[in-house]
Number of protein chains: 2
Amino acid sequence: MATIKKIFSDLHNESIDGVAYKNLHLKKQILTYFANTSDATITELSRELNFSAPKIAELLTELQKDGLVKDYGKAEDSGVGRRPNRYGLKPNSIFFVGVDVKKFHINIGLLDLKNTLVKYQEKVAFTLNNTPKSLDALCAIIQGFLKGLPARKDQIAGVGINLSGRINYKTGYSYSFFNFSEEPLSKIMEDKLGIPIYLENDSRAMAYGEFCNGAVGPEKDVLYINMDYGIGMGVMINGQLYYGKSGFAGEFGHIHAFNNEIICHCGKKGCLETEASGQALVRLFSERLCAGATSIVTKITRKTQDFLLDDIIAAANHDDVLAIECIAVIGEKMGEGIATLINLFNPDLVILGGSLSATGAYIRLPVKSAIFKYSLSLVSNETHLKMAELGEKAGVMGACLLVRSRLFAFE
Amino acid sequence: MATIKKIFSDLHNESIDGVAYKNLHLKKQILTYFANTSDATITELSRELNFSAPKIAELLTELQKDGLVKDYGKAEDSGVGRRPNRYGLKPNSIFFVGVDVKKFHINIGLLDLKNTLVKYQEKVAFTLNNTPKSLDALCAIIQGFLKGLPARKDQIAGVGINLSGRINYKTGYSYSFFNFSEEPLSKIMEDKLGIPIYLENDSRAMAYGEFCNGAVGPEKDVLYINMDYGIGMGVMINGQLYYGKSGFAGEFGHIHAFNNEIICHCGKKGCLETEASGQALVRLFSERLCAGATSIVTKITRKTQDFLLDDIIAAANHDDVLAIECIAVIGEKMGEGIATLINLFNPDLVILGGSLSATGAYIRLPVKSAIFKYSLSLVSNETHLKMAELGEKAGVMGACLLVRSRLFAFE
DNA sequence: ATTATTTTTTAAATATATTAATAAATTAAA
DNA sequence: TTTAATTTATTAATATATTTAAAAAATAAT
C-alpha cells in the first residue's frame, strides 16, 4: 500500500501529461464521485463519467492497490440479473483533522474517508486573541491532539483550521486574527506543526459541513447563515463553495442595514451585525433586564450581568419569555437581511446555522415572516428554509471535508 | 456544407454515446474556445484542451467541412520556427438575432460568428404593455426584421429576446410581461415566428454582452448593474452567468433598502428601486423643478413636466447643475446598494451599465465614494469599478451571444 | 432441478488516440 | 547562400480505450 505522501504527490503531480494525465483526472473523478455521492458500481461510474466499463474497472483496481478504494461486495437484490459489486472509499486509509476555533473554545476532530468522526473533542478550553501567545496555545492544542490519534501521521492528509474574519485560503493569509507576521499564517503553522495546514473562514467551513453531510440534499444553490456572536455566511453556487476574487465573499454581517450609531468591530456603523447578531441579542437582553424585565436566566446563572449568548439560548429553550421576545426582535432583523440575499441569489435552500440556531422555531419563525415581508414572493416561494443539522460539529466536519476536497481536487 | 438544422441536431444529439459522444464534446469545446477566446492554432488547442495534435487536427477538418470553422492562414511572425496556421469561427455560416425590448422602443440586430453586428436597427418604435396587442406588435417587428436579412433563414440559429422582469429561461415562462397564457411565452412566439426563441431577463442579457464583448477581460466574478428606469443586475460567477434556482437571481432593484412609503411596482415598499433608479431620478428632478430650481432641460425640451430619463441624462451631459446634483443623490444611494453587493460577492469587477451610465463620471463618482463608505475596505479594495462599453447595443449583443452559447452548450 | 433471462465481468478484437518520427516551414547564424 | 535551429504539420507506429463477444453469476420461470 502506498503511503499518503506517495498518493498525494501522485494526485498532484503537475508534470504529468498525455495519457497519464487523463488517467489521473479520471481517478480523481472517481474519488470525487465516491466522496460526494456514495459507493457505486462499475456500470454506474461508466454511465456517469462516460467511460467504458473495462476502463473504469482498470482504474478501480489501481485505486484498490493504492489503498484508497474498497470493494464492498455484492449490492442488494435489485430484481433480476447478476448483482454488481459496489466500490467505495476505504475508511482507514486516509484521515483528516479539523479544528474549529471559536471565541472561547476549540472543537477538534479526526475524520475518516467514510465521514465518521473517529475522534472528537468538544469545547477544549481556549481564548482567541490576536496575539502570538494565543497562536502558540492553539498550536499546542493541535500538537497534543495529533499525538494521541488512532492513525499514523503519514495517513493524515492535513489539518483544516477555521478562523473567523477575512481569510484568503489560496494564499494562506489571515487578515483578522494572527496577522502579525509577514509570512502567511498557514506557512507559519505548517512550520510549527510539520503537517499541511488549510485555513478557512469559519462560516464557510461550517457551510461546507452542512453541504456535504448535513441539511443539503440535491440542492445546488444554497446559503448557510452562521448566527453566533457575529454573523457569517457560506455560499454554495452550482454545488461548489463560492469564494469571490480573494476569498472574502459572504460578508453578510457587514452589509449596511441600519442608520444607527453603533460602531461595529469592523470599524463601520450600521452593519447588520450591530442589530441582528448574537452580540446584539446579548446587548438587547441586558438592556431589557436593566429596564426592569424579568427572566429565569438570573436564576439559572446567578448573574445579574455579563450573560453569555449560550445563557440566553438556554433560557429561551426553557420557555423564558424575555429571551424568546428578544430572539424574535433579532430574528426579524436577520430575516430582513436574508430577504435581500434571496432576492440576489435566488437560492434553492437557506440554512440557519450557528449557535443561535439551537433556539429552533424561536428564531426560525420571525426570520420566515420577515422573508415573506421583504423579498419578492415569486423568488422566495422557490426557497426553502431549514435549520442546520450538524450543530456544534459543523465546523470540525467542514474543516475536515475541505482538506479532503483539496486532496481530491484537480489542478 | 451542412445546413444549420443538421449542425444543430448533430450538436445536440443526445442519443450519441461512446466515442461519438466524446468527439462531439470535444468539438463543442473547440467551438466554445473560439467563441470565448479567439482564433487558435492546433498546438494551442492541444495544450488547452489536453488532446493530441492529430486529434485536434482531425476534428478541425471536420468542423471545416461542416462550414463552422475557417483556416485563417499563417500566424504572424512569432520569432523562430515554422509559423502555425490559425483556425477560427467562420463568420458567414451561422447568424443570431437579438431583440432588446425596452419600455418605449426596441433594438434589434443580426450577429455573425465573429461578433459583428451585420444588421442593426436602433430605437424601433414600440411600447411595451402587458397585452396581447403589444405582443403581436413585437412579433410583427421581428417578422419584418427576419424578412430583410442578408442571411438564409436556415442559417439563423435562433432569436434571443430580452424582457424586463422575472424570466425563467429554462421553461420559457415570463412572469412580468406577456404572462396571460397557459403556455410558456417562448413556445407561443416560436409557433408564431417559426424559429427557435430564447427568452432572457434584459439586465442579464446586457451583462452577457459586456462579459463576452465589452468591459470584461480575464475577470471571472463580475457584477453588471443595469441603471435604467428600473434597476437590474447580471451576475457572472466563475466565468458563467448565474441564474439561481429559477432564473430570478440578481433582483437587486427590489432589495429592501429604505424605510420610505413609496410603493414599488413590485408591490412592496422601500425597494432600492424607489430611490436609486432612473424613475426616482425623474421624480426627484421634477420635485426640485417644482420647488423653484432651474435647469436647461426646460429650454431643450420645451416641457415643464413629463421629462424623460433621457432628457435629464442629456442635460447632465450639457453640464446642467440640477441634473448633475440629482444624479449624485441617486448615485450615492446606488453606491450604498453596490457596497452590499461587494460585501456579499467579493467581485473582481463591477460594471455600471444601462442608460444612466451615459452620464459617465457624474454617476460613477458618487457610486465610488458610497462604496468606500459602506463596504469593508479589505473587500472593496479588490474590486474595480468600470463603465459599460457597449452602450445601447449591449442588450442586442447579449441576446445574440446567449443564443450562440446555447448552440455551443453541452447537454 | 433445469432452463431461460438478465446483468456484470472478463477477454479478445477492433477502433481510436497518442507518441514518436518525419517532413515542412521559417528564422537566425555561419 | 547555405546550414543549423526551431517550431509546426503530417505520417506511421505504438499504445490505449472501446466495442463486441463470451463467460460467469444471479434470479425467475418452467
Side-chain angles (χ1 to χ4, degrees), chain A residues 10 13-30 33-34 37-65 69-88, chain B residues 10 13-30 33-34 37-65 69-88:
Chain A
D10 272 5
N13 193 338
E14 288 183 19
S15 63
I16 276 174
D17 68 337
V19 175
Y21 173 92
K22 288 187 184 173
N23 282 341
L24 190 58
H25 186 63
L26 188 49
K27 270 193 186 181
K28 286 187 186 180
Q29 280 191 282
I30 293 173
Y33 186 90
F34 287 147
T37 314
S38 69
D39 299 350
T41 68
I42 290 176
T43 313
E44 280 167 16
L45 288 169
S46 170
R47 254 199 302 275
E48 198 65 32
L49 307 176
N50 284 301
F51 278 85
S52 66
K55 183 70 198 166
I56 299 286
E58 174 198 325
L59 292 181
L60 277 179
T61 49
E62 275 190 39
L63 285 167
Q64 278 171 283
K65 272 185 200 157
V69 164
K70 192 180 154 185
D71 183 343
Y72 281 92
K74 296 271 172 272
E76 290 300 294
D77 180 10
S78 63
V80 77
R82 175 172 170 174
R83 277 162 32 197
N85 280 32
R86 301 200 71 82
Y87 299 86
Chain B
D10 272 5
N13 194 337
E14 288 181 21
S15 63
I16 275 174
D17 68 338
V19 175
Y21 173 92
K22 287 187 183 173
N23 282 342
L24 191 59
H25 186 63
L26 189 49
K27 271 194 186 181
K28 288 188 185 180
Q29 279 192 285
I30 293 173
Y33 186 90
F34 287 147
T37 314
S38 70
D39 299 349
T41 69
I42 291 176
T43 314
E44 280 168 17
L45 288 169
S46 169
R47 254 199 301 274
E48 199 64 32
L49 306 176
N50 284 301
F51 278 84
S52 67
K55 183 70 200 164
I56 299 286
E58 175 197 323
L59 292 181
L60 277 179
T61 51
E62 276 189 41
L63 284 167
Q64 279 172 283
K65 273 185 201 158
V69 165
K70 192 181 155 185
D71 183 343
Y72 282 91
K74 298 268 172 274
E76 292 299 294
D77 179 11
S78 63
V80 77
R82 173 172 172 175
R83 275 159 38 196
N85 278 33
R86 299 199 72 81
Y87 299 86

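Just so it is clear, the model here is predicted, and its values are computed rather than measured.
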query: How many Å lie between CD1 on A:Ile42 and P on C:dT8, as a whole number?
result: 10 Å

task: Count the heavy atoms belonging to other residues, nucleotides or ligands that lie under 6.0 Å from CD of A:Glu62, then report whether that count exceeds 12.
output: yes

message: What is the distance, to the nearest angstrom, from the OH atom on B:Tyr72 to the P atom on D:dT8?
response: 21 Å

field: Stepwise side-chain contact (heavy atoms from CB on, under 4.5 Å) check, B:Glu44 with B:Arg86
entry: CA-CA 10 Å; B:Glu44 280 168 17; B:Arg86 299 199 72 81; 3.5 Å; yes

query: Can you check the A:Asp71 CG to C:dT8 P distance for me, whole Å?
result: 15 Å

field: Length of the CG-C1' vector between B:Leu60 and D:dT10, whole Å
entry: 14 Å

message: Distance check needed: D:dT7 P versus B:Arg86 CZ, whole Å only.
response: 16 Å

task: Check whether any side-chain heavy atom of A:Gln29 sits under 4.5 Å from a side-chain heavy atom of A:Phe34, and report yes or no.
output: no

- prompt: Using the C1' atoms of the five pairs at each end, what is the angle between the end axes of the helix from C:dA1-D:dT30 to C:dA30-D:dT1, to 10°?
  reply: 10°

- request: Could you check B:Leu26, B:Leu24, B:Leu45 and say which one makes a side-chain contact (heavy atoms from CB on, under 4.5 Å) with B:Leu59?
  value: B:Leu26

Anything under 3.5 Å between a protein N or O and an N or O of nucleotides 11-18 of chain D, put it in a table, one pair a line.
{"unit_1": "D:dA17", "atom_1": "OP1", "unit_2": "A:Asn23", "atom_2": "OD1", "d": "3.2"}
{"unit_1": "D:dA17", "atom_1": "OP1", "unit_2": "A:Lys55", "atom_2": "NZ", "d": "2.4"}
{"unit_1": "D:dA17", "atom_1": "OP2", "unit_2": "A:Lys55", "atom_2": "NZ", "d": "2.9"}
{"unit_1": "D:dT18", "atom_1": "OP1", "unit_2": "B:Lys22", "atom_2": "NZ", "d": "2.5"}
{"unit_1": "D:dT18", "atom_1": "OP2", "unit_2": "A:Ser52", "atom_2": "N", "d": "3.4"}
{"unit_1": "D:dT18", "atom_1": "OP2", "unit_2": "A:Ser52", "atom_2": "OG", "d": "2.6"}

- request: Check whether any side-chain heavy atom of A:Lys70 lies under 4.5 Å from a side-chain heavy atom of A:Tyr87, and answer yes or no.
  value: no

- request: For B:Asn85, check side-chain hydrogen bond (donor to acceptor under 3.5 Å, both in side chains) against everything at least two apart and list the hits.
  value: B:Asp71, B:Lys74

Pairing of B:Glu58 and B:Lys55 as salt bridge, 4.0 angstrom limit: yes

message: Rounding to an integer number of Å, can you tell me how far A:Asn85 CG sits from C:dT7 C1'?
response: 12 Å

message: Nearest 0.5 Å, please: how far is OG1 in B:Thr61 from CD1 in B:Ile56?
response: 11.0 Å

